[in-house]
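Convention: sequence-line order gives letters A, B, ...; per-chain numbering from 1. Predicted model, so just to flag it, every value in this text is computed and none were measured.
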Amino acid sequence: MIPAHLRYHRAGDLTEALRLRREHGDLLRPLAGGQSLLPALKLRRDAVDTLLDLGRLTELSYVAARGDHLAIGALTRYHLLLADPLVARHAPILATAAASVGDPQVRHAGTVGGALAQADPAADLPTALVALAATAVLTSVDGARLVPVAELAVAPGVTVCRPDELLTEVRVPLPGPRRWSYRTFARPALEWSLVAVAVADGRVALAGMDRTIRRATAVETALAEGASATAAAAYADRDCEPADDVRGSADYRRHLSRVLVARALADAVEERR
Amino acid sequence: MSLIGRPVRRTEDRVLLTTGGTYVDDVVVPGALELVFVRSTVAHGRLRGVDTAAARRAPGVVAVFTAADVDLPPLPPEAGVLNQKMTTPLLADDVVRFVGEPVAAVVATGRAEAVDAAALVTVDVDPLPPLVDPHEALTDALVLHPDAGTNMVLKLGFRRPAGRAELHEGAEVVIRQRMTNQRVAPGPLEARAGLAEWGPDGLRYRAGSQAVHLWRAQLAAALGEPEDRVRVVNGDVGGAFGSKAFASREDVLLAWAARRLDRPVRWAETRSESMVAAGHGRAQQQSAELGGTRDGRIVSYALDVVQDAGAYPRIGSILPFWTRTMLTGPYRIDRARFSSASVTTTTTPVVSYRGAGQPEAVAALERMIDRYAAEIGLDPAEVRRRNLLPPESFPVTTLTRARYDNGDYPAALERVLAEADYPALRAEQSARRARGDVCQLGVGLSTFVELTGADTRSEYASARIQPDGRVTVHSGTCPHGQGHGTAWAMLAADVLGVPVERVDVVFSDTGAVPAGGGTGGSRSLQTGGMAVREAALALVERGRDAAAARLGVPAGTVEFTGGRFRAASGVDVGWADLAGGDGLSAEATFQPSAATCPYGAHLAVVEVDVETGRVTLLRVVAVDDAGVLLNPLLAEGQVHGGLAQGAGQALVEEVRFAPDGTPLHGDLHRYAMVGAAELPSFDTVAMQTPTPVNPLGAKGLGESGAVGLPPAVQNAVVDAVRHLGVRHVDMPLTAERVWSAIRAATA
Amino acid sequence: MTIDTRPGAATVTVTVTVNGRPQRREVPARTLLVHLIREELALTGATVGCDTSSCGACTVLLDGRSAKSCTLLAAQADGAEIGTVEGLADGDRLHPVQEAFREHHALQCGFCTPGMVLAAVSLLAEHPGPLTEQEVRHGLKGNLCRCTGYHNIVRAVLAVDAARHAG
């Protein structure tokens, strides 16, 4: 219940944070909302030398429409997405996904960037971002590089973000999807999705079905080739390797993915604007 | 006007709402040390060594204890009928027997320091084979306590008719079903905690206990101290639900460490620690048989139970006794059999949990009745209607010697059906089936009776008028959320004719209350409450004598009304006039003549998504008759809490171990504790048939929801998918389990 | 000999305003907000019911919004306004949520109560209402209660919501 001794530094601004990342790399662990990191530190399932608290980088808390994309600062907290007018107009799926995250306390503290950096294969908001074909901006003192959100995570808890980089922004292409849907299936009284599905136009993202959130490419291909939603959904778990654990068997996850994809596709059609 | 039956708001609440209560971890004791246990991460193994050197050198560490340091004998099982050779060392000595078993204790100047140092203790264990399956434990192929020579903790049996007579003679249909009444975590929000301080008068142990006097006896015996040198005191207690009925090895070790170090020492369990070490409830593997006629008359019933006791026999091992006692429920059944075997396994010990053996009996029988109803094609309500004991049959002594006081069981059933509009539910169900909806409707019933206050132990109370006219009540009960402060004040105020606000209630302190049986088994109102009432009545007689003396008239001519004693002349005196220097007081010990038997009928409506197996609990209708309700507001609160825990067991909660004995439920990320979002509001209906067993006519009701609701929910879920061929699904009714059952039935 | 150029420190100075009163403490960097509040400031209303950020018993208001004080370092709260249950009543007058909890018997053992009350306060502040029962139930997802079955808690929160719309 008590983290091991650690050091703490609060970054004053992004420039300082990036400089420190360059100088100290992984010795510094970025701390955003801390809703995943702090429980892990308390249970001593994770350890850090020094926490680099990014929580006051208010310059990274924003939602802005910038021509061909909607920019969301990495320090934007979930609850802000729920009521943001630009999100509601261009990417309401993000508000729906954010509403599925944890509980109000978590939504008050948790951040968009933190959710992506955790590389949790069952996280809600990243699933919606994958379906939106969003891009993550990874910034270092040398400048920024763009990585599709779908390629950000490489394994549970591991991303392509280098020790001298910080995830600073997420960009959702505009115009946003004409059809979308978000479906999550969580075990009651437990916080995480067992399987979640995000549909945005022809893109289908799956959470909980592999080591990272992934696109259901076989479904997308079938749809593109004119298959019905029901027929396409049968391919939901193709090429997936879902976990087989105490929360759910691999068989059940596979089955759920097919049901949820079928339902999400049906929803998305119904919501055509 | 009498206070009985009025929804008086709780006197406890203002403090709890404004500054919070005072729980063990809130108490500030200057210089108190903090103790943290090092626990086994291996389910079964020979302890080769515990290296404490690094921990001893860590900052702030005062001591690190292992079994070698402990000079106290191991603890006996919590009941005399349990296998006495299976003792519990305070810290594991040569063998560890479950993940979570305490192996060492680190004491430091602060909790953070103790946690840091505990992480430096290394435990060297040679693994022994795990023993997780209680059926495997029955074979004694691997014996967990070699001195005992067996894993058997307690064996019980019963048969009527005796001998080899055919149980199911006369039955046209016999249903057989294996089922699991799964292990669950009691989960009080305040986990276990204690604070031990030794002084010239001995030990003062601040606890979160359900029974301070019992704990005093346990601690004194374990520590080798006379009872008058041990004082056990509760502050506020953050829930218990049966799990804090007995002091545990950690409590004893804590008190011992404080004595050894001659410093106050505190221990506050973490949730993750609690999940593996504080004890679990239920944990029965059941095999049931029910025989009946084609027209719905139950002829015979048999239940065989394997009770998982966990690694060391605690009170949970004895619970099949209550399962047996309540075997035939609220029905007329003439032929019955029962057997149980409580066996040790390399898992967390099993303790008592809300209902304690009775929910297990009810779950099995109610599930079997629905299986039977389905088999003979009769509505489950109708089967119950044809078999419930009629109101004119009371008092009833059942085959298993349970004595039911009174009630109208069929009326409860009819009431729940009416309240829920049962025909409309069945119509809606049929419509959904006909349409082939993805979300099918299920309706489940449970009619049940419980024994409360079943141990019929006496209870103590006193009532005293203070010089300022206020009343102080002392009670032997130990509330932990039930509101005895309010309830006992109501009872005393009602008798003494003073306002509730003028009554102070003292409990949960062996230094202040001479005797007590504590709170558990829904005993408090029918024993402790009655004792308060009797003490108050005795105080009135003392007051009458004192008033007579003061007024110079014979006591027989003094009338007592509205809190004043009046002579025939009209002159009167009040309590404050009579209190004198020392006050005026009276004691009472209430000895209940029998248990009381609350009963009820619960109905659950669920929706099952047949594609995913997801269950949504749409509605709960609970008709409960717990006799006269002292305070309907508090009574309803008890029912709600029980219903939520019952729904939790039915739907989501489950303690599981991997085959190697590793807990799979070890924290609240993995153990699903039921939350607000999983539950509907409850429709509760109170019937109030006064019991003749006590003067108030009150029965216990703290457990009814946990006893009655689980099978109603389970029956509802099976009912929702019955048309797909599903006959049974074990609890908890997780989506995957329901989906698997549907898949198996339709394959 | 190497010179430690790492930023940060193992000890931090935390300045917070708690229930309107400024407080300043120097604590180990690992100190959780709940421990600062309970141990340094001696406000024990917020309790610790779990170690996985699941139960919400430690819920406080951080700049007006519910937060689990066991899932924040005290250092992260530096400069913030913190509200605990001890600061909710106005003298002898209970806050409407406290009053509704009392009136509707929405507490039994009391352990989860301060956190539950503050979660409700935050929920009501965030949502202009009127709230549905489902919204209240989902809004209290971050808080566990083992005694009340939530029934009366939900009823109390709905009553406060109804009263503010009536009044």
Side-chain angles (χ1 to χ4, degrees), chain B residues 7 9-10 12-23 25-26 28 111-112 186-191 236-241 268 270-273 479-483 633-634 636-645 647 667-669 673-682 684 705, chain C residues 28 30-31 35 38-39 42-55 57 84-86 88-89 92 94-95 97-99 101-115 117 133-134 136-155:
Chain B
R9 269 50 180 182
R10 297 207 314 175
E12 294 90 338
D13 289 357
R14 177 166 277 272
V15 169
L16 295 176
L17 282 162
T18 51
T19 60
T22 304
Y23 306 92
D25 210 23
D26 299 338
V28 176
R111 186 165 303 151
L189 255 276
E190 184 196 20
D236 288 301
V237 181
F241 316 113
T270 66
R271 177 61 52 190
S272 298
E273 204 178 2
H480 36 281
Q482 292 87 347
L633 195 67
L634 304 193
E636 200 184 52
Q638 287 296 309
V639 173
H640 291 158
L643 291 171
Q645 289 183 15
D667 57 45
L668 291 185
H669 278 172
M673 195 174 276
V674 72
E678 286 80 49
L679 297 171
S681 284
F682 306 121
T684 54
Chain C
R30 64 167 160 171
T31 306
H35 292 139
R38 288 176 51 84
E39 290 159 24
L43 297 170
T44 54
T47 54
V48 176
C50 77
D51 43 14
T52 47
S53 312
S54 307
C55 79
T84 72
V85 79
E86 289 90 344
L88 214 49
D92 277 348
L94 294 179
H95 182 280
V97 173
Q98 290 171 315
E99 185 56 43
F101 269 54
R102 197 189 71 82
E103 174 66 20
H104 294 281
H105 185 34
L107 62 154
Q108 291 183 26
C109 83
F111 197 81
C112 77
T113 304
V117 165
E133 181 185 333
Q134 278 315 303
V136 172
R137 288 185 175 275
H138 284 272
L140 298 176
K141 261 181 98 164
N143 295 73
L144 292 175
C145 170
R146 199 62 167 164
C147 294
T148 64
Y150 307 98
H151 181 106
N152 285 345
I153 293 173
V154 172
R155 221 158 54 147

Next on the checklist: Quick check: closest heavy atoms across C:R38 and B:D26, and the distance to 0.1 Å?
Outcome noted: NH2-OD1, 2.7 Å
Checklist entry - Which distance, rounded to the nearest 0.5 Å, do you find between the CG of B:D236 and the OG1 of C:T47? => result 11.5 Å
Checklist entry - Hey, are the side chains of C:C147 and B:F241 touching, using non-hydrogen atoms and a 4.5 Å cut-off? => result yes
Checklist entry - For the candidates B:D13, B:V15, B:D25, which exhibits the highest count of non-hydrogen atom pairs separated by less than 4.5 Å from chain C? => result B:D13
Item to check | Distance-minimising heavy-atom pair for B:A112 and C:R30 | outcome: CB-NH2, 3.6 Å
Item to check | C:E103 portion near chain B, given a 4.5 angstrom heavy-atom threshold | outcome: both
Checklist entry - Considering only heavy atoms, which portion of B:P680 lies under 4.5 Å from any heavy atom of chain C: side chain, backbone, both, or neither? => result backbone
Next on the checklist: For C:F111, is there any backbone N or O sitting under 3.5 Å from a side-chain donor or acceptor partner on B:E190?
Outcome noted: no
Checklist outcome for this item: Interatomic distance, NE2@C:H105 vs CD@B:E636, rounded to 0.5 Å, equals 8.5 Å
Checklist entry - What distance do C:D51 atom CG and B:L668 atom CG have between them, rounded to the nearest 0.5 Å? => result 7.5 Å
Checklist outcome for this item: In this structure, CD of C:E99 is separated from CG of B:L17 (nearest 0.5 Å) by 9.0 Å
Item to check | Side chain C:R146, main chain B:G238, donor-acceptor under 3.5 Å | outcome: no
Next on the checklist: Using heavy-atom distances under 4.5 Å, tell me whether C:L144 contacts chain B through its side chain, its backbone, both, or neither.
Outcome noted: both
Checklist entry - Given that the side chain runs from C-beta out, which part of C:T148 has a heavy atom under 4.5 Å from chain B: side chain, backbone, both or neither? => result backbone
Checklist entry - What is the minimum heavy-atom distance between C:P114 and B:G20, and which atoms define it? => result CG-CA, 4.2 Å
Next on the checklist: Counting only non-hydrogen atoms closer than 4.5 Å, does C:V117 touch chain B with its backbone (N, CA, C, O), its side chain (CB onward), both, or neither?
Outcome noted: side chain
Checklist entry - At a heavy-atom separation under 4.5 Å, does B:L643 approach chain C through its side chain, its backbone, both, or neither? => result neither
Item to check | Check against side-chain contact (heavy atoms from CB on, under 4.5 Å), B:S681 and C:R137 | outcome: CA-CA 10 Å; B:S681 284; C:R137 288 185 175 275; 3.3 Å; yes
Checklist entry - Judged by atom type as modelled, is there a donor-acceptor pair below 3.5 Å linking the side chain of B:Y23 to the main-chain atoms of C:T44? => result no
Checklist entry - Which region of B:V639, side chain (C-beta onward) or backbone (N, CA, C, O), has a non-hydrogen atom less than 4.5 Å from a non-hydrogen atom of chain C, or is it both or neither? => result neither
Item to check | Among B:G239, B:S272, B:G21, B:A268, residue most engaged with chain C (heavy-atom pairs, under 4.5 Å) | outcome: B:S272
Checklist entry - Looking only at heavy atoms, what is the nearest atom pair of B:L679 and C:Y150, with distance? => result CD1-CD1, 3.7 Å
Item to check | Side-chain (C:R102) to main-chain (B:R14) donor-acceptor, under 3.5 angstrom | outcome: no
Checklist entry - At their closest point, which heavy atom of B:G481 faces which heavy atom of C:Q108, and how far apart are they? => result O-CB, 3.2 Å
Checklist outcome for this item: From the list B:R10, B:Q638, B:M673, the residue making the most non-hydrogen contacts under 4.5 Å with chain C is B:R10
Checklist entry - Out of C:V85, C:T31, C:L107, which one racks up the most heavy-atom pairs below 4.5 Å with chain B? => result C:L107
Next on the checklist: Report which part of B:H669 has an atom under 4.5 Å of a heavy atom belonging to chain C: side chain, backbone, both, or neither.
Outcome noted: both
Checklist entry - Hey, what's the ring geometry for B:H640 with C:H151, parallel, tilted or perpendicular (30° and 60° as the breaks)? => result parallel
Checklist entry - What residue, out of C:S53, C:G149, C:G45, C:G142, has the most heavy-atom pairs lying under 4.5 Å from chain B? => result C:G149
Item to check | Residue among C:V154, C:L88, C:L140, C:L94 with most heavy-atom pairs under 4.5 Å to chain B | outcome: C:L94
Item to check | Heavy-atom pair of closest approach, residues C:C55 and B:L189 | outcome: CB-CD1, 4.0 Å
Checklist entry - Where does C:Q98 contact chain B at under 4.5 Å (heavy atoms): side chain, backbone, both or neither? => result both
Checklist outcome for this item: Counting heavy-atom pairs under 4.5 angstrom with chain C, the leader among B:A647, B:A191, B:A240, B:P186 is B:P186
